[in-house]
Amino acid sequence: MINITLPDGSIRQYPKGTSSMEIATSISEGLARNVLSASVNGEVWDASRPIFSDASVKLFTWNDKEGKATYWHSSAHLMAEALEALYPGTKFGIGPAIDTGFYYDVDTGDKTLTPADLPKIEEKMLELAKNKSQYIRKEVSKDDAIRFFTEKKDEYKIELLQDLQDGQITFYSQGNFTDLCKGPHIPDTSSIKAVKLMNLAGAYWRGDEKRKQMTRIYAVTFPKAKELTEYLELLEEAKKRDHRKLGAELELFMFSEKVGQGLPIWLPKGTQLRERLQNFLRAEQEKQGYQMVVTPHIGSKSLYETSGHYAKYGADSFQPIHTPKEGEEFLLKPMNCPHHCEIYGHRPRSYRELPLRIGEFGTVYRYEQSGELHGLSRVRGFTQDDAHIFCTVDQVKGEFLKVLELTTMVIKKMGFENFTAQISLRDPDNPEKYIGSDENWNAAEKAIIEATSEVDLITTTELGEAAFYGPKLDFMIKDALGRSWQLGTIQVDYNLPERFGLEYIGADNQPHRPVMIHRAPFGSMERFISILIEHTAGKFPLWLTPDQYALLPISDKWIPYCEEIKQELAKHDIRGFIDERAESIGRKIRDTELKRVPYMLIIGDKEAENQSVSVRRQGEGDLGTMSVSEFVAHFTEKLSEV
RNA sequence: GCCAGUGUAGCUCAGUUGGCCAGAGCAGCUGAUUUGUAAUCAGCGGGUCGGGGGUUCGAAUCCCUCCACUGGCUCCA
């Protein structure tokens with residue numbers, strides 16, 4: 001007998017060789033029906049795999065992340081089976097589960113898959129799923145495995161096998177399909193009830209752009225048809241909120257082929273929004289002792305040679321521009337930090353000046369590959385809400401915590417409730433990607449890890465995600481549709497001060513090297529606004545929205561009264577406009593609703609007579625009639641709510 | 001940059017296997033209407049069918065090429 005510890009701490013005894021599925025059955029039939037996989041001593045296993053020694057077991061169903069991952073990975077195998085049936089000779093790369101669904105990288109030889117082929121594959125998958133084929137695990141020797149795929153002429157799998165150790169190789173089969181796979185898998189195909197192949201994309205074999213490009217098929221499956229429908233509805237909603245669409249409809253920004261791709265042009269309403277965000281942050285930063293600066297859009301190439309940016313990114317950047325007579329070289333500013341280092345270094349600094357906090361809404365230009373550009377979220381010219389804090393080693397932690405506080409305050413003020421932070425450290429296997437000494441890196445990484453551990457913040461740690469000059473703390477927020485986005489960043493940097501030879505004279509009258517903290521709570525105004533648009537579906541917080549109200553006169557004879565109200569509201573810093581068109585009130589309301597103006601003030605005979613306004617809230621409807629001062633009170637209350 | 005796809009009026013789209021002056025709705029303009037909580041009516045203007053080249057008696061439609069956009073990949077200071 002073996003002892004099985006369950007998540008609730010209870011220990012049950014089972015015969016040697018009992019599977020997780022059998023354990024589930026012993027608990028309840030219903031549970032057994034839903035089990036997809038199980039963790040055995042922390043490792044995710046097939047539910048059918050026998051357990052031979054004492055273990056702690058956790059059963060996974062569709063409600064667990066691990067259960068979904070198993071389900072989708074098994075679905076990838078089912079898709080591969082369908083592809084092999086429809087397109088014999090198809091070769092397979094890798095087919096993992098992802099956050100939502102799974103993909104499989106395939107090489108269909110001469111046959112190019114098109115979106116029109118996808119329904120056929122879906123149908124085949126559903127047909128095969130009905131066979132209730134079991135996923136069967138088999139341990140194989142490396143030689144046998146290589147022989148199998150050599151016969152199948154699948155060079156991708158053979159390459160994957162080269163990196164695997166003999167004795168640790170397993171195959172999984174279901175129906176007529178066998179794949180190299182370490183598993184685990186769901187019991188059988190019958191739980192795969194709804195299938196949707198989402199899209200086709202090119203993907204380099206092993207992520208290497210020098211190697212062959214395979215076809216990646218993205219897909220998702222569900223145990224219930226209804227869940228697929230709900231998922232597709234969510235995608236529809238995301239499409240409706242797409243910032244590129246809303247940005248055009250609400251006249252926030254535009255792009256022009258003539259100006260150039262990836263170069264956003266801010267229209268008046270978008271500019272209002274952006275400047276309100278900047279003013280808000282500027283005010284908060286000034287409270288905390290930041291000083292604003294303005295630096296030029298170009299900088300001498302030597303500036304970036306000093307910083308190391310040129311060596312790292314020069315070849316893949318916009319190329320230097322030259323002065324016509326002298327032939328001097330200048331780069332479009334890709335970063336503000338070198339300029340700020342020069343500000344720090346332009347005269348001797350005393351320890352009494354530190355921390356010195358230099359802020360700038362600095363517009364930078366970076367060459368991004370054409371296929372990378374995406375609306376406002378990935379552009380070639382953007383404005384960072386940048387600042388650099390120069391401080392002593394002893395001040396690093398305190399300053400870091402203050403920045404952390406500022407950043408979380410900003411995120412919350414923007415209406416994002418869910419956020420986490422990612423600690424991005426060096427990749428220990430690729431030291432050549434980074435500048436600076438190990439001592440500097442260790443100190444910087446330690447500072448971030450220590451400071452974040454002192455605050456109430458959910459963090460994850462990623463190796464290899466650091467900037468080339470220092471580790472980062474990146475903020476990840478979840479939007480209203482549950483999607484994750486990376487926002488602002490805080491970076492601790494011991495290296496640039498060294499490269500720029502920055503110093504301060506300490507209390508001991510000796511020169512010391514300052515530490516630099518790079519930080520941007522929004523990240524970039526462009527990217528942040530793209531996220532804000534999608535999060536709010538264009539219904540911005542009241543304090544931020546370009547027009548807070550629209551006055552809608554029922555006939556043009558009430559325009560003068562509207563003017564009066566407008567002036568009164570302006571006294572309370574409430575901004576809006578009068579819809580003076582000779583349109584029906586129904587039309588005016590509809591248009592204003594679509595423009596996401598939060599308040600509509602409808603003015604006709606009754607209102608003019610009683611010196612009142614009829615108030616309608618966007619998306620909610622009629623709030624009734626009130627006096628102008630009552631509206632101001634209502635508005636002011638709502639304003640303070642966010 | 002790479003793979004796949006898309007590009008017809010400001011927007012959303014129609015345009016049969018290549019064939020009469022390329023269509024619709026919305027938006028715009030003009031006029032009428034003076035309206036009570038999500039579209040008043042009528043008239044008018046608007047397109048070198050993404051650009052260029054080619055095949056053809058004839059191209060929005062077929063081919064080549066360039067550009068932009070979309071979904072991914074790679075990249076992201």
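To find a chain, count down the sequence lines: A is the first, B the second, and so on, and within it residues start at 1. Quick caveat: nothing in here was measured; it's all calculated off a predicted structure.
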Touch check for [X], heavy atoms < 4.0 angstrom, all strands: base, sugar-phosphate only, or nothing?
X: A/Y103; answer: nothing
X: A/G371; answer: base
X: A/A203; answer: sugar-phosphate
X: A/G207; answer: sugar-phosphate
X: A/K606; answer: base
X: A/I554; answer: base
X: A/N199; answer: sugar-phosphate

So, is [X] close to the [N] phosphate, meaning a side-chain N or O under 4.0 Å from OP1 or OP2?
X: A/S370; N: B/G1; value: yes
X: A/R587; N: B/A27; value: yes
X: A/S584; N: B/U40; value: yes
X: A/H374; N: B/C69; value: no
X: A/R244; N: B/G71; value: yes

Expressed as a whole number of angstroms, how long is the span from [X]:[atom1] to [N]:[atom2]?
X: A/R527; N: B/C76; atom1: CZ; atom2: C1'; result: 10 Å
X: A/D605; N: B/U37; atom1: CG; atom2: P; result: 14 Å
X: A/R581; N: B/U33; atom1: CZ; atom2: C1'; result: 15 Å
X: A/K212; N: B/A4; atom1: NZ; atom2: P; result: 10 Å
X: A/D579; N: B/A39; atom1: CG; atom2: C1'; result: 13 Å

On the side chain of [X], is there an atom forming a donor-acceptor pair with the base of [N] - under 3.5 Å, no angle test?
X: A/E209; N: B/C73; value: no
X: A/R366; N: B/C75; value: no
X: A/Y204; N: B/G1; value: yes
X: A/R216; N: B/A4; value: no
X: A/E257; N: B/G51; value: no

Is the backbone N or O of A/L594 less than 3.5 Å from a side-chain atom of A/R596, with the two atoms forming a donor-acceptor pair by type?
->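 Indeed, once roles are kept as given, a pair shorter than 3.5 Å links the two residues.
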Check whether the ring centres of A/F92 and A/Y156 lie less than 6.0 Å apart, and answer yes or no.
-> no
Out of [options], whichever nucleotide has its closest atom nearest the side chain of [X]:
X: A/E607; options: B/G36, B/A38, B/A77; result: B/G36
X: A/E583; options: B/U37, B/U40, B/A77; result: B/U40
X: A/M335; options: B/G71, B/C75, B/A77; result: B/A77
X: A/Y469; options: B/A77, B/G36, B/C75; result: B/A77
X: A/Q369; options: B/U37, B/G71, B/G1; result: B/G1
X: A/E593; options: B/A38, B/U33, B/A77; result: B/A38
X: A/R378; options: B/G71, B/U35, B/C75; result: B/C75

Parsed dot-bracket for RNA chain B after applying the Watson-Crick and G-U rules with both distances under 3.5 Å and | for other-strand partners is (((((((..((((.....[...)))).(((((.......))))).....(((((..]....))))))))))))....
For A/Y218 and B/G72, say yes or no: do the ring centres fall under 5.5 Å of each other while the ring planes differ by less than 30°?
-> no
Run the salt-bridge test on A/K239 and A/D242 with the 4.0 Å N-O cut-off and return the result as yes or no.
-> no
What do the steps show when you test A/Y599 against A/R617 for side chain to side chain donor-acceptor pair (under 3.5 Å), and what is the final call?
-> CA-CA 5 Å; A/Y599 284 99; A/R617 180 78 208 233; 3.1 Å; yes
Do other residues, nucleotides or ligands put more than 12 heavy atoms under 6.0 Å from the CD atom of A/E251?
-> no
For atom NZ of A/K111, is the number of surrounding heavy atoms from other residues, nucleotides or ligands below 6.0 Å larger than 12?
-> yes
Nearest non-hydrogen partners of A/Y561 and A/E607, listed with the distance = OH-O, 3.6 Å
Do A/T295 and A/K333 have a side chain donor and acceptor closer than 3.5 Å?
-> yes
